Enquirer: 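Here it is: the structure, laid out below.
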There are 2 protein chains.
Amino acid sequence: MTSKQRSAPASLATVAAAAGVSIATVSRIVNGETRRASAETIERVRKAIAVVGYHPNHAGRTLRRRESRLVAMLAPNLDNPVMAAIAASTEAALRAAGYVMILCDTHDRPDLQDEYLNAMRSQVVRGYIMVASVPSAVLKDFVADGAPMVFVNRRPPFGRGAFVGIDNIKAGAEAADMLWSAGLRRCGVLAPAQGSSVTRDRLKGFCNRMRALGVTEIPKAEAAGRSHLEIGYEAARQLAARDGWLEGLMCVSDQIAYGAYRLARESGILVPERCRLVGIDGNPLNRWIAPWLRSIEVKYEDFGQPIVELLDHVWHGRGHAERIMPHGEA
Amino acid sequence: MTSKQRSAPASLATVAAAAGVSIATVSRIVNGETRRASAETIERVRKAIAVVGYHPNHAGRTLRRRESRLVAMLAPNLDNPVMAAIAASTEAALRAAGYVMILCDTHDRPDLQDEYLNAMRSQVVRGYIMVASVPSAVLKDFVADGAPMVFVNRRPPFGRGAFVGIDNIKAGAEAADMLWSAGLRRCGVLAPAQGSSVTRDRLKGFCNRMRALGVTEIPKAEAAGRSHLEIGYEAARQLAARDGWLEGLMCVSDQIAYGAYRLARESGILVPERCRLVGIDGNPLNRWIAPWLRSIEVKYEDFGQPIVELLDHVWHGRGHAERIMPHGEA
DNA sequence: CTGAAAGCGCTTACAG
DNA sequence: CTGAAAGCGCTTACAG
């Protein structure tokens, strides 16, 4: 109701002039420094703010305070549902704490990660949330500098750092149990080639458990690809070509299971009757359109809260804590 | 290799002192104002920048220039794959043009949309990309103020504005053709209750085409719910209870089709043999795990480029253009 | 209870 | 080719 067409935006000075007080006073009131200020002045300033249509300019505040309310999240691959769930919940938790999240898509590339880290530093962001980070030169510098960071899913590639994620070894073991308890003995694993620590731990947990159960041979296929969907398809193809269709396949992620499913369907293999698929992640879509998939469920929509808590720890210099999130079957 | 542990970051002044020149000179060189400057000075400054580990502080620049390189995208519901695809492609296009995107999740709520619009203005963002915006008080003010905006998918709720989206009426008509050409005559539609213009147009296009083909009765179910998945499930339930299972169902979005699929499966109805489902959006996941769904494909990953182009138009005062994106069958 | 003043880091006309 | 200076909007010790 107040704004003028494209005129210069109102500043503290505008308000001060309109209210007949100093900008210091306006600043205090804007910032809720209400305890020392006469009720009358407060009222006059509030009115002036409404009249001139004042909105604070964070560039000024950031410059002065040498810190902003911005928090950067760097994540690979926005269209991965796991990332989307983490991003959505973190965004909500940060907003509740009075912060604004900047979401950067690194495409899992070290060069883009570095570009964004630099860009975010230039924005004077207050913290960095690294989801599935990748080793890179600038990241190394940031860690060495003690930049406030929380790592999610993948552990920090350099030194120590706050971390939120699940126990992937345990998750892998439970995937093994799923297949075993269904009576399946000849099972294989599908994974991305040169996977992250997440992949490695899930594989390790699975294989160790299987061996503990007495299974000595665990056929494995690793493939490269632009997405886990393609990786799953290709890895399943390699495995089927080599060992035929096994009774069960443990897929390192649900998306890999989707890829394997497609090949099975195209090959006339019934899932889960002829070949059972087990995944990890618990994509919420499963119960709607992939009822054939059993999966170790991870509640990524619960990650936001602990992520923000750990960031708070780091800000207060309380060291690098960890939050190992629970997971279940689904 | 240069950064010190948590010391104050280097500023232009630091560099200037180290290089023995004025901060004006450093500023020019940092900004590539290289034409007027001796090669020797440039070299000296470059060296000093590396030595002190200088990185620009955008708060200072923004304050001075009264504009930033930040662009805000406000979108409902980050975990909707349609939004994810639009966000990812826009982010890439903006980055290529030298901007940084801030992604805000409005949860389709007017109050959050307003909160974010205000917050983004405080960040001095240079433009606003409103994906599926909702009518709200602050949005109205922004539009009246002539804030640089591009609307995506849903048309601007107030006045005129730049727009990127598809021809939803045509898409609805083509969905009708899909069912008709498969020989199906008794078909219904599933939609969200109180849908947006997108929903209305898709419905309108579908019904008009069906009527043109001689179909007089088009059973329709509209349901409310937290997600299109639930809406699809519930709408299908209502329709089946009222009219039994029809030969075909046109679902206003793929997610609605997923919901309907779940009910069909639970009801022992074979899809697509007994009941054919047609959706709109062309979720890339379909070819992997939902081969039973035919869908009008929209290339949301192509939206980023035109969105940034229109933003550019607006910035240069070239008025409010539109880009109607193509769609196809899939 | 309130204000004058310094200064955060940067850009940019202006002078030389 | 380079620099001194003003000023963007804000916060905050300090003085009163």
Side-chain angles (χ1 to χ4, degrees), chain A residues 7-46 48-49 52-70 118-126, chain B residues 7-46 48-49 52-70 118-126:
Chain A
S7 58
S11 68
L12 282 185
T14 326
V15 178
V21 297
S22 74
I23 60 171
T25 298
V26 180
S27 173
R28 290 193 198 98
I29 292 176
V30 164
N31 287 293
E33 183 105 23
T34 184
R35 47 194 165 90
R36 42 174 198 170
S38 74
E40 187 216 5
T41 306
I42 292 182
E43 185 48 29
R44 202 138 41 91
V45 168
R46 287 215 189 292
I49 285 174
V52 305
Y54 171 74
H55 294 275
N57 177 328
H58 281 4
R61 165 189 298 221
T62 297
L63 195 54
R64 179 58 224 240
R65 288 216 183 138
R66 296 153 148 277
E67 69 181 24
S68 73
R69 301 297 283 180
L70 261 25
N118 280 327
M120 292 304 102
R121 168 169 49 195
S122 283
Q123 299 295 339
V124 201
V125 302
R126 220 186 192 193
Chain B
S7 59
S11 67
L12 283 185
T14 326
V15 179
V21 298
S22 73
I23 60 171
T25 298
V26 180
S27 173
R28 290 193 198 99
I29 291 175
V30 165
N31 287 292
E33 183 104 23
T34 182
R35 47 195 165 88
R36 40 175 200 169
S38 73
E40 190 217 3
T41 305
I42 293 181
E43 186 46 29
R44 203 137 41 92
V45 168
R46 287 214 190 293
I49 286 175
V52 305
Y54 171 74
H55 295 276
N57 177 328
H58 282 2
R61 164 189 298 221
T62 297
L63 194 54
R64 177 59 223 242
R65 288 219 182 134
R66 295 151 149 278
E67 70 181 24
S68 74
R69 302 296 285 180
L70 260 25
N118 281 328
M120 291 304 103
R121 168 169 48 195
S122 283
Q123 299 295 341
V124 202
V125 303
R126 220 186 190 190

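In this text the structure is predicted, and so the values were computed from the model without any measurement. Both backbone and side-chain heavy atoms feed into the values below; hydrogens, waters and symmetry mates do not. The chains referred to below are lettered A, B, ... by the order of the sequence lines, with proteins before strands, and numbering in each begins at 1.
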Enquirer: Drop me the distance from B:R61's CZ to B:E67's CD, to the nearest 0.5 angstrom.
Expert: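 Output value for this atom pair is 10.0 Å.
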Enquirer: Can you pull out the residues from residues 24-32 of chain B that lie within a 4.0 Å heavy-atom distance of DNA chain D?
Expert: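 Contacting residues: B:A24, B:T25, B:R28.
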Enquirer: Tell me the interatomic distance from B:R121, atom CZ, to D:dG9, atom P, rounded to whole angstroms.
Expert: 15 Å
Enquirer: Quote, to the nearest angstrom, the P distance that separates D:dT2 from D:dA6.
Expert: 23 Å
Enquirer: Quickly work out the B:L12 CG to C:dT11 P distance and round it to whole Å.
Expert: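 Rounded to whole Å, this separation is 6 Å.
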Enquirer: Over all strands shown, is B:T41 touching base, sugar-phosphate only, or nothing at heavy-atom distances under 4.0 angstrom?
Expert: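 Sugar-phosphate, backbone atoms only, no base.
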Enquirer: Is the phosphate of D:dC8, meaning OP1 or OP2, less than 4.0 Å from a side-chain N or O of B:R66?
Expert: no
Enquirer: Rounded to the Å, how far apart are A:Q123 CD and C:dG9 P?
Expert: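 About 16 Å, once rounded to whole Å.
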Enquirer: For DNA chain C, what are the stems built from at least three Watson-Crick or G-U pairs in a row, each pair having both distances below 3.5 Å?
Expert: C:1-3 with D:14-16, C:5-12 with D:5-12, C:14-16 with D:1-3
Enquirer: Tell me: CD of B:E40 to C1' of D:dC1, nearest whole Å?
Expert: 12 Å
Enquirer: Has the side chain of A:S122 got a donor or acceptor atom that lies under 3.5 Å from a matching backbone atom of B:H58?
Expert: no
Enquirer: 5'-most contact on DNA chain D: B:S38 or B:G60, nearest heavy atom basis?
Expert: B:S38
Enquirer: Rounded to the nearest 0.5 Å, how far apart are OG of A:S68 and CE of A:M120?
Expert: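 Here the rounded value is 10.0 Å.
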Enquirer: Rounded to the nearest Å, what distance is computed from the CZ atom of residue A:R61 to the C1' atom of nucleotide D:dC8?
Expert: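 Nearest whole value for this atom pair: 17 Å.
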Enquirer: Output the rounded distance in Å from NE2 (B:H58) to P (C:dG9).
Expert: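 Result: 15 Å.
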Enquirer: Can you tell me how far CG of A:L12 sits from CZ of A:R28, rounded to the nearest 0.5 angstrom?
Expert: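 Interatomic distance, A:R28 CZ to A:L12 CG, rounded to 0.5 Å: 11.5 Å.
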Enquirer: Please give me the minimum heavy-atom distance between B:A19 and B:A48, naming the atom from each residue.
Expert: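 Between these two residues, the closest heavy atoms are CB-CB, 3.7 Å.
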Enquirer: Please tell me if the side chains of B:T62 and A:L63 come closer than 4.5 Å, counting only heavy atoms from C-beta onward.
Expert: no
Enquirer: Give a yes/no on whether any side-chain N or O of A:R64 is located under 4.0 angstrom from OP1 or OP2 of C:dG9.
Expert: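 No, because none of the side-chain N or O atoms of A:R64 sits under 4.0 Å from OP1 or OP2 of C:dG9.
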Enquirer: Looking only at the side chain of B:Y54 (C-beta and beyond, no hydrogens), which of the listed nucleotides C:dC10, D:dG9, C:dT2 gets closest?
Expert: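 Side chain of B:Y54 sits closest to C:dC10.
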Enquirer: Search all heavy atoms of A:A59 against all heavy atoms of B:V124 and return the closest pair with its distance.
Expert: CB-CG2, 4.4 Å
Enquirer: Starting at CZ of A:R121, measure out to CG of B:N57 and round the result to the nearest 0.5 Å.
Expert: 11.0 Å
Enquirer: Using heavy atoms to find the nearest nucleotide of DNA chain D for B:L63 and B:S22 separately, return the residue whose nucleotide is more 5′.
Expert: B:S22
Enquirer: Given that A:I23 and A:R44 both sit by DNA chain C, which one's nearest nucleotide is further toward the 5' end?
Expert: A:R44
Enquirer: If I take atom CZ in residue B:R65 and atom P in nucleotide C:dT11, what distance separates them, rounded to the nearest angstrom?
Expert: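 Those two atoms, CZ and P, are 6 Å apart.
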Enquirer: Specify the separation, in whole Å, of atom CD of B:E67 and atom C1' of C:dT11.
Expert: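 Rounded to whole Å, this separation is 12 Å.
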Enquirer: Which atoms form the tightest heavy-atom contact between A:G20 and A:R44, and what is the distance?
Expert: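 What the structure gives for the nearest pair is O-NH1, 4.2 Å.
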Enquirer: Considering all heavy atoms of both residues, which atom of B:L70 and which atom of B:Q123 are nearest to each other, and what is their separation?
Expert: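 Nearest pair, atom of B:L70 first, then B:Q123: CD2-O, 4.1 Å.
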Enquirer: Between A:T62 and C:dC8, does any side-chain N or O lie under 4.0 Å from OP1 or OP2?
Expert: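 For C:dC8, OP1/OP2 do not have a side-chain N/O of A:T62 under 4.0 Å.
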